[in-house]
Amino acid sequence: MERAELLRELTSRRPSQPRVALFGLVSDEIFAAAVMKALRAGELRGTEGERLGSLEDAYIRDALDARRLPVRATAGSAGYDFFSPVSFRLLPGDSMTIPTGIRCAMDPGWVLVIAPKSGKGSRFRVMLRNTLAVIDSDYFYSDNEGHIVMQLINDNYDDRPMDIRAGDSLMQGLLLPYGVTLDDRAEGVRNGGFGSTVR
């Protein structure tokens, strides 16, 4: 077959990816508690970069209403866009905790990896504080309902803040298979968030 014919055949194929996961919302109580924790720690900022020191009913209600399940933008996209439930400004050199209100159930043998969207990463050098977030399949069963919380940092050199409105895309998640070693004997049970598998 000629290369052009091979290319036509390849690009005409229908997607055949396995369906291995399902996104959902954590309970309102878990989400509100995470927003309150971020507010009390001064880790949520308003659209002018100011610290939001108190939790107002309207603020949490708006955040609850703004939650959206991750979606792929196109049939050929590998990443699921995660959306911010709050509006904020992330100043250069600053970091912020964003509770997403999202959880993900996955088949065993799969992992959700969260990474910056290429546009935001290249324009603002906005990244996750832990570089890549690895969401294991057993995180779904934690006491926090597997709530995915993102810690962002604006590391750009141009002194440009990043402005996000509630409902804007923030990061992207990729579902990936993984393997284990022949002599693996892992039997531990997870219950927690960041760094909960190793103490």
Side-chain angles (χ1 to χ4, degrees), residues 17 20-26 30-31 34-35 37-39 41 43-47 49 52 62-106 110-140 142 144-158 160-178 192-197:
Q17 291 88 355
V20 298
L22 186 65
F23 290 109
L25 299 177
V26 298
I30 290 288
F31 180 65
V35 173
K37 180 180 177 183
L39 284 166
E43 293 182 344
L44 272 178
R45 307 289 176 85
T47 53
L52 301 171
D62 289 347
L64 283 165
D65 291 343
R67 290 181 298 173
R68 290 177 58 192
L69 294 178
V71 297
R72 292 188 307 142
T74 68
S77 296
Y80 281 82
D81 289 345
F82 276 72
F83 305 97
S84 178
V86 294
S87 299
F88 65 88
R89 168 171 284 187
L90 186 57
L91 301 172
D94 209 353
S95 63
M96 187 178 302
T97 297
I98 306 295
T100 67
I102 303 300
R103 64 195 304 219
C104 185
M106 288 171 273
W110 290 79
V111 63
L112 174 66
V113 176
I114 299 177
K117 289 183 63 66
S118 55
K120 289 181 175 60
S122 61
R123 286 198 307 273
F124 298 100
R125 272 184 60 89
V126 171
M127 60 189 78
L128 293 165
R129 283 187 65 95
N130 57 344
T131 63
L132 287 177
V134 175
I135 312 297
D136 302 306
S137 60
D138 59 353
Y139 181 53
F140 183 81
S142 296
N144 69 353
E145 301 177 5
H147 187 190
I148 298 170
V149 177
M150 299 182 185
Q151 294 179 325
L152 309 181
I153 186 167
N154 183 345
D155 195 31
N156 78 65
Y157 305 123
D158 304 321
R160 284 189 300 161
M162 183 182 75
D163 293 312
I164 293 290
R165 296 290 173 190
D168 286 353
S169 61
L170 197 56
M171 292 280 154
Q172 61 182 329
L174 298 105
L175 290 158
L176 303 173
Y178 68 90
F194 293 113
S196 60
T197 54

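Sequence positions, counted from 1, serve as the residue numbers for this chain.
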Measure the spacing between CG of L112 and OG of S137 and express it to the nearest 0.5 Å. 11.0 Å

Euclidean distance, I135 CD1 relative to M106 CE, rounded to 0.5 Å: 7.0 Å

Closest non-hydrogen atom pair between A166 and A66, with its separation: CB-CB, 4.1 Å

Is any side-chain heavy atom of F83 less than 4.5 Å from a side-chain heavy atom of R67? no

For V86, does its backbone N or O pair with a side-chain atom of S84 as donor and acceptor, under 3.5 Å? yes

Output for pair (T131 OG1, I114 CD1), nearest 0.5 Å, gives 12.5 Å

Any donor-acceptor pair under 3.5 Å from N154 side chain to M96 backbone: no

Residue that, paired with P70, satisfies side chain to side chain contact (heavy atoms under 4.5 Å, CB included) out of I102, I148, T100, D81: I102

What closest approach, in Å, do G79 and L174 show between heavy atoms, and which atom pair accounts for it? CA-CG, 4.2 Å

Under a 4.5 Å cut-off applied to non-hydrogen side-chain atoms, are L175 and Y80 in contact? yes

Quick one: closest heavy-atom pair of L64 and F31, and the distance? CD2-CD2, 3.4 Å

Heavy atoms only: give me the nearest M171-V126 pair and the separation to one decimal. CE-CG1, 4.1 Å

Is it the case that the side chain of T97 and the backbone of Q151 share a donor-acceptor pair, with hydrogens and angles ignored and the cut-off at 3.5 Å? no

Distance col, row D163:CG vs R89:CZ, nearest 0.5 angstrom, shows 4.0 Å

In Å and rounded to the nearest 0.5 Å, what is the CG to CG distance from L152 to D94? 10.5 Å

Rounded to the nearest 0.5 Å, what separation is found between the OH atom of Y178 and the CG atom of D136? 6.5 Å

side-chain contact (heavy atoms from CB on, under 4.5 Å), that's the test. Do Y139 and N144 meet it? Break it down for me. CA-CA 9 Å; Y139 181 53; N144 69 353; 2.9 Å; yes

If you take all heavy atoms of S169 and K117, which pair is closest and at what distance? OG-CE, 3.5 Å

Smallest heavy-atom separation, P99 atom then P85 atom, equals O-CG, 3.2 Å

Residues two or more places apart in sequence or in another chain: which of them pass salt bridge (Lys or Arg N to Asp or Glu O under 4.0 Å) with R103? none

